[in-house]
2 protein chains.
Amino acid sequence: MTPDPAPLDADQLNAYFALMEVGSLLQHAVEQQLRTEGDLSWVQFQVLARLTDAPDGRHRMTDLADGVVYSRSGLTYQAGLLEKNGLVTRESDPDDERAVVVAITDAGRALIARLLPGHVDVVRRLLFQPLRHRDLDTLSQVLGRVRDHIRATPPRSAKPRRSRGPAT
Amino acid sequence: MTPDPAPLDADQLNAYFALMEVGSLLQHAVEQQLRTEGDLSWVQFQVLARLTDAPDGRHRMTDLADGVVYSRSGLTYQAGLLEKNGLVTRESDPDDERAVVVAITDAGRALIARLLPGHVDVVRRLLFQPLRHRDLDTLSQVLGRVRDHIRATPPRSAKPRRSRGPAT
DNA sequence: GCAAGTTGCTTCGAATTCGAAGCATGTACG
DNA sequence: CGTACATGCTTCGAATTCGAAGCAACTTGC
């Protein structure tokens, strides 16, 4: 009846696969650069970048984990590595004794500053070179919208909603 | 002087980060669905999907690895798992005794057929719902272009080019 | 204030991931 | 044909990844 639902899939799947493929390819390329020039992994770079962006250079573990889309235990491990290398410090939040606040050190900022130019270069060469200025705008806008949408969408199987009533 | 090169970086970085973030979020969501409904990982799904698309349901290991952006050894491992579960078979290529050809089995096709609807559903809900039809087209086109560009770009440190001459 | 439930982080074990090394086959060129 | 190199895959070891379980600190409702 509705001529809509079915026939779209092919186009959609193309866009979807292209998106994921570009993401993988880019990440792979960028990881090479980070590894050889600064001995950092992609996650570590992301963490440091986010800390650099923060007004006071600090974030709680959970916020970082959610931000970079990583498991909590995984982030604990990575934060440990970064700390061992003197790029961040960890101390418990005075406002919430459970929380751990990660802060970027001067060495961390210096490293990011050193790596960023080359990093941007790789991205520019691979991602932006084949794009007209117009496309960049669209891409940025559309992806931003999608990101916000996904972030706002509750994980389909939302918390069991422990209802007070006996039913269930 | 040129008001162009420098000031762009901020916008560009935004688009770039949005792209990577959406990729991560999508993959994460999709992985949940595949794992609970069919006990497949994202890579395994991609491999089976590519085999399904192939005219004869076969691909060489290397082509698969490059296609899904995965290490060779990693693909060996995954192919082993898929084979153990009866979703693919592996046999050496008669045309090239070194090569191994992976072929999808009926069980493999059946599994993909079973999973695809739910899979498409997740993607539609997260990626396409917030997009106008127009945006989808642009996205598809732009990302396709980028993908081709990256695929065509030699890995910056191209093969040492063992020149015959003595000068390095 | 305290019992029950949440939330934030780490530890633990098992699975996955990658690059380097190993092996076998294929190809170029004399 | 035979040497030298290239290519395709797997095995190996070390590093990473995640979810489940554990622990400590908060919050709520009384």
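Chain identifiers are assigned alphabetically (A, B, ...) following the order of the sequence lines, protein sequences preceding nucleic acid strands; residue numbering begins at 1 within each chain.
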**Asked** Where the side chain of B:Val43 is concerned, which of C:dC9, C:dT17, C:dG19 is the nearest nucleotide?
**Response** C:dT17
**Prompt:** Over how many whole Å does the gap from B:Asp66 atom CG to D:dT7 atom C1' extend?
**Reply:** 12 Å
**Complete:** Rounded to whole Å, CG of A:Leu40 lies from C1' of D:dA15 at a distance of 16 Å
**Request:** Determine, for A:Asp66 against A:Arg72, whether the closest basic-nitrogen to carboxylate-oxygen distance falls under 4.0 angstrom.
**Result:** yes
**Prompt:** Would you say B:Arg72 reaches C:dT17's phosphate, i.e. side-chain N/O to OP1/OP2 under 4.0 Å?
**Reply:** no
**Message:** Could you tell me how far apart A:Lys84 (NZ) and C:dT10 (P) are, to the nearest whole angstrom?
**Reply:** 15 Å
**Asked** Got a salt bridge between A:Glu21 and B:Arg151, using NZ or NE/NH1/NH2 to carboxylate O under 4.0 Å?
**Response** yes
**Asked** Rounded to the Å, how far apart are B:Glu91 CD and D:dG8 P?
**Response** 18 Å
**Request:** Respond yes when some side-chain nitrogen or oxygen of A:Tyr77 is under 4.0 Å from OP1 or OP2 of C:dT10, and no when none is.
**Result:** no
**Prompt:** More 5' along DNA chain D: A:Ser41 or B:Val100, using each one's nearest nucleotide?
**Reply:** B:Val100
**Request:** Let me know the distance between CZ of B:Arg98 and P of C:dT27, rounded to the nearest Å.
**Result:** 6 Å
**Rounded distance (Å) that lies between atom P of C:dT17 and atom NE2 of A:His28** = 13 Å
**Closest to the A:Tyr70 side chain, choosing from D:dG8, D:dC18, C:dC9** = D:dC18
**Nucleotide nearest A:Glu97 (side chain, heavy atoms from C-beta), chosen from C:dC18, C:dG8, D:dC26** = D:dC26
**Out of C:dT17, D:dG8, C:dT6, whichever nucleotide has its closest atom nearest the side chain of B:Gln78** = C:dT17
**Message:** Can you give me the closest heavy-atom contact between B:Glu97 and B:Pro94, atom names plus distance?
**Reply:** OE1-O, 4.4 Å
**Request:** Give a yes or no on whether a donor-acceptor pair under 3.5 Å exists between the nucleobase atoms of D:dG19, that is its base, and the side chain of A:Ser73.
**Result:** yes
**Prompt:** Is there a donor-acceptor pair under 3.5 Å between the side chain of A:Ser24 and the backbone N or O of A:Met20?
**Reply:** yes
**Request:** Name the nucleic acid region contacted by B:Arg35, choosing base, sugar-phosphate or nothing; use a 4.0 angstrom heavy-atom cut-off, strictly under.
**Result:** nothing
**Request:** Just compare C:dT10, C:dG26, C:dG8 and give me whichever is closest to any side-chain atom of A:Thr62.
**Result:** C:dG8
**Prompt:** Does B:Leu34 belong to the same Ile/Leu/Val/Met/Phe/Trp/Tyr cluster as B:Tyr77, with side-chain heavy atoms less than 4.5 Å apart forming each link?
**Reply:** no
**Fill in**
The nucleotide from C:dG8, D:dG19, D:dT10 with an atom nearest the side chain of A:Ser71 is D:dG19
**Request:** May I have the distance from B:Leu82 (atom CG) to C:dT16 (atom P), rounded to whole angstrom?
**Result:** 11 Å
**Request:** With DNA chain D as reference, determine whether A:Pro94 or A:Gly74 sits nearer its 5' end, using the nearest nucleotide of each.
**Result:** A:Gly74
**Asked** If you check the B:Thr76 side chain, which of C:dG26, C:dT17, D:dC9 turns out closest?
**Response** D:dC9
**Message:** Taking any heavy-atom pair under 4.0 Å as a contact, classify B:Asp93: base, sugar-phosphate, or nothing.
**Reply:** nothing
**Message:** With a 4.0 Å cutoff (strictly under), does any side-chain N or O of A:Arg60 reach OP1 or OP2 of C:dT7?
**Reply:** no
**Item:** Presence of salt bridge, A:Asp135 and B:Arg145, under 4.0 angstrom
**Value:** yes
**Message:** What is the separation between atom CG on B:Leu81 and atom P on C:dA15, rounded to the nearest whole Å?
**Reply:** 10 Å
